[in-house]
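Report on the structure given below.
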Number of protein chains: 2
Amino acid sequence: MDSIGFAKHDHSRCIGSGIATVEAYCQDHRLQFTPVRRRVLEILLQQHRALGAYEILDYLREEGLGSQPPVAYRALDFLVKHGFVHRIERLNAFIACMHPGETHTPVFMICRKCASVAEAQREPMQGQLGEVARAAGFLIERTVVEAEGLCPKCQA
Amino acid sequence: MDSIGFAKHDHSRCIGSGIATVEAYCQDHRLQFTPVRRRVLEILLQQHRALGAYEILDYLREEGLGSQPPVAYRALDFLVKHGFVHRIERLNAFIACMHPGETHTPVFMICRKCASVAEAQREPMQGQLGEVARAAGFLIERTVVEAEGLCPKCQA
DNA sequence: TAACAATCGTTATGATATAACAGACTATTC
DNA sequence: GAATAGTCTGTTATATCATAACGATTGTTA
Ligand SMILES: [Zn+2]
Ligand SMILES: [Zn+2]
Ligand SMILES: [Zn+2]
Ligand SMILES: [Zn+2]
């Protein structure tokens with residue numbers, strides 16, 4: 001429950017340490033952290049909110065890093081596959097992970113007013129979802145847990 | 001946790017009682033349960049799985065009930081708004097509710113092999129999601145909880 | 001029946017996502 | 001360091017999902 005949540009924080013550190021962590025992870029695991037992939041992650045870390053694939057593509061296009069949808073989608077596929085970025089199903093959008101490298105099961109809180117998104121953690125097979133799955137004999141492989149509502153600021 | 005789940009059941013009763021319940025609800029609440037809306041709900045009850053909007057539209061088209069996307073989407077909007085049908089975000093698809101008329105917070109289990117979907121219930125502000133939201137000061141208005149994996153049959 | 005609101009049919013378009021293939025780059029092996 | 005296998009990129013084209021807009025029709029209410 002160490003939600004960075006909606007709290008203020010030193011955002012420049014988010015970017016630097018996020019990139020550094022992923023860079024180290026990729027070296028350890030023989031993954032290619034190519035310019036497009038790095039730039040997409042940087043964009044998501046900088047924005048610190050959920051971005052659609054075409055929004056990301058706009059940035060890439062401006063910078064001459066690629067102009068067609070597959071360029072953005074392929075980079076996102078890589079980043080999502082390795083857990084550096086999460087897809088927010090409810091928004092058809094992507095957001096940088098706040099715990100890269102750690103195996104984890106995220107929960108998202110999405111503010112409908114200011115569009116900010118906070119990532120928190122949960123245990124996959126515990127809680128109500130786990131109970132329900134055990135009762136039904138269902139084998140969980142992946143979960144989507146997203147809450148929509150109002151962040152602390154927007155409740156005021 | 002009264003998940004109809006993946007268990008066998010008298011499916012003809014699903015359809016009849018589902019339609020009857022919704023019909024009564026609409027009369028009570030002065031809602032128009034029009035032919036297209038009724039037919040879309042029937043299709044979803046009959047199929048007993050998640051269908052995309054264009055799949056539903058194909059049925060409507062065959063039956064002369066409408067041939068353009070807005071016809072299907074409008075009926076689905078109505079049915080979702082009033083809780084007779086749920087949208088499965090992970091699949092961009094729709095499924096008939098197993099508890100129409102009751103206010104409830106569903107959880108879905110989606111089998112990646114046979115594409116069946118089971119609906120179960122949970123309490124919105126309890127469990128891990130509730131904890132996380134309280135800790136972050138987040139006000140939940142709606143939740144998306146979907147588990148992907150293997151149903152009992154497909155684990156064999 | 002008149003006024004008003006809700007619904008429908010249709011056209012057009014927007015938004016999101018992937019298939020397919022050729023060429024470039026990277027890593028590995030010899 | 002050349003051959004080769006695997007991965008990544010750039011591009012075209014297309015598939016899939018969803019909504020805006022508007023006039024015609026139907027239902028509700030007074
Ligand atoms: Zn994460
Ligand atoms: Zn907010
Ligand atoms: Zn339901
Ligand atoms: Zn199955």
Side-chain angles (χ1 to χ4, degrees), chain A residues 22-23 25-41 43-44 50-82 84-95 115 144 146, chain B residues 22-23 25-41 43-44 49-82 84-95 110 115 144 146:
Chain A
V22 170
E23 188 149 46
Y25 183 99
C26 286
Q27 285 212 333
D28 286 356
H29 293 75
R30 302 289 146 93
L31 301 173
Q32 298 185 44
F33 196 38
T34 65
V36 178
R37 292 168 176 179
R38 169 188 292 263
R39 190 67 193 113
V40 169
L41 181 59
I43 290 165
L44 284 169
L51 294 178
Y54 282 74
E55 270 182 288
I56 292 166
L57 183 57
D58 288 340
Y59 286 104
L60 296 180
R61 188 177 289 127
E62 283 173 15
E63 300 169 14
L65 267 174
S67 61
Q68 299 305 321
V71 173
Y73 279 103
R74 282 193 292 235
L76 287 166
D77 284 348
F78 170 87
L79 294 168
V80 167
K81 179 179 176 186
H82 295 289
F84 309 140
V85 162
H86 299 294
R87 177 180 166 85
I88 309 292
E89 297 293 338
R90 177 67 184 152
L91 303 177
N92 292 336
F94 301 85
I95 192 162
V144 174
E146 299 171 1
Chain B
V22 170
E23 189 150 47
Y25 183 98
C26 286
Q27 286 212 332
D28 287 356
H29 294 74
R30 303 288 147 92
L31 300 174
Q32 299 184 43
F33 195 38
T34 65
V36 177
R37 291 170 177 178
R38 171 189 292 264
R39 190 67 193 112
V40 170
L41 180 59
I43 290 165
L44 285 168
R49 64 186 176 93
L51 295 178
Y54 279 73
E55 269 182 287
I56 292 166
L57 184 57
D58 288 341
Y59 286 104
L60 297 179
R61 187 178 288 127
E62 283 174 14
E63 300 170 14
L65 269 173
S67 62
Q68 300 304 322
V71 173
Y73 279 103
R74 282 193 293 232
L76 288 165
D77 284 348
F78 171 87
L79 294 167
V80 168
K81 179 179 175 186
H82 296 288
F84 309 139
V85 162
H86 298 293
R87 178 180 164 85
I88 309 291
E89 298 292 339
R90 177 67 185 153
L91 304 177
N92 292 337
F94 300 85
I95 192 163
I110 306 164
V144 175
E146 299 171 359

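These numbers come from the heavy atoms of this one structure, side chains and all, not from hydrogens, waters or symmetry mates. None of the values given here were measured: they were computed from a predicted structure. Below, chain A is the first sequence line, B the second, and so on; all start at residue 1.
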| said: Does dC8(D) have its OP1 or OP2 closer than 4.0 Å to a side-chain nitrogen or oxygen of R37(A)? | reply: yes

| message | Closer than 3.5 angstrom, by distance alone: can the side chain of R49(B) be matched with the main-chain N or O of A115(B) as a donor-acceptor pair? | response | no

| message | Closest-nucleotide mapping onto DNA chain C: is D77(A) or T34(B) further toward the 5' terminus? I mean the 5' end. | response | T34(B)

| message | By nearest atom, which of the nucleotides dG27(D), dT11(D), dT10(C) is closest to the P70(A) side chain? | response | dT11(D)

| said: In this structure, how many angstroms lie between the P atom of dT28(D) and the CZ atom of F33(B), rounded? | reply: 15 Å

| query | Are Y54(B) and dC17(D) close enough that a side-chain N or O sits under 4.0 Å from OP1 or OP2? | reply | no

| task | Rounded off to whole Å, could you give me the CZ-to-P distance for the R30(A) and dG6(D) pair? | result | 18 Å

| said: I want to verify a distance call: between dT10(C), dA17(C), dA6(C), whose nearest atom is closest to the F94(A) side chain? | reply: dA17(C)

| request: State which of dC8(D), dT7(C), dT10(C) makes the closest approach to the side chain of Q32(B). | output: dT7(C)

| query | Does F33(B) offer a backbone N or O that forms a donor-acceptor pair with the side chain of E23(B) under 3.5 Å? | reply | no

| message | Salt bridge check, R74(B) against D77(B): does any charged N sit closer than 4.0 Å to a carboxylate O? | response | no

| request: For G66(B) and for P69(B), locate the closest nucleotide of DNA chain C by heavy-atom distance; then report the residue assigned to the nucleotide nearer the 5' terminus. | output: G66(B)

| request: Mind calculating the distance between CG (L60(B)) and C1' (dG9(C)) to the nearest angstrom? | output: 13 Å

| said: Please check: side-chain N/O of E146(A) versus main-chain N/O of I88(A), any donor-acceptor pairing under 3.5 Å? | reply: no

| remark: Whole-Å distance, R74(A) CZ to dG10(D) C1', equals 7 Å

| query | R87(A) side chain N/O closer than 4.0 Å to the phosphate oxygens (OP1, OP2) of dA17(C)? | reply | yes

| task | Let me know the distance between CG of N92(B) and P of dT16(D), rounded to the nearest Å. | result | 13 Å

| query | Counting any heavy atom closer than 4.0 Å, what does L65(B) reach on the DNA or RNA strands: base, sugar-phosphate only, or nothing? | reply | sugar-phosphate

| field | Separation of L65(B) CG from I43(B) CD1 (nearest 0.5 Å) | value | 8.0 Å

| task | Check the distance between dT10(C)'s C1' and L57(B)'s CG and give it to me in whole angstrom. | result | 13 Å

| said: Between P on dT28(D) and CG on L31(B), what's the gap in Å once rounded to a whole number? | reply: 11 Å

| request: Return the value, rounded to whole Å, for the distance between atom CD of Q68(B) and atom P of dC17(D). | output: 17 Å

| remark: Side-chain contact check for A53(A): nearest option of dA20(D), dC17(D), dA17(C) is dA17(C)

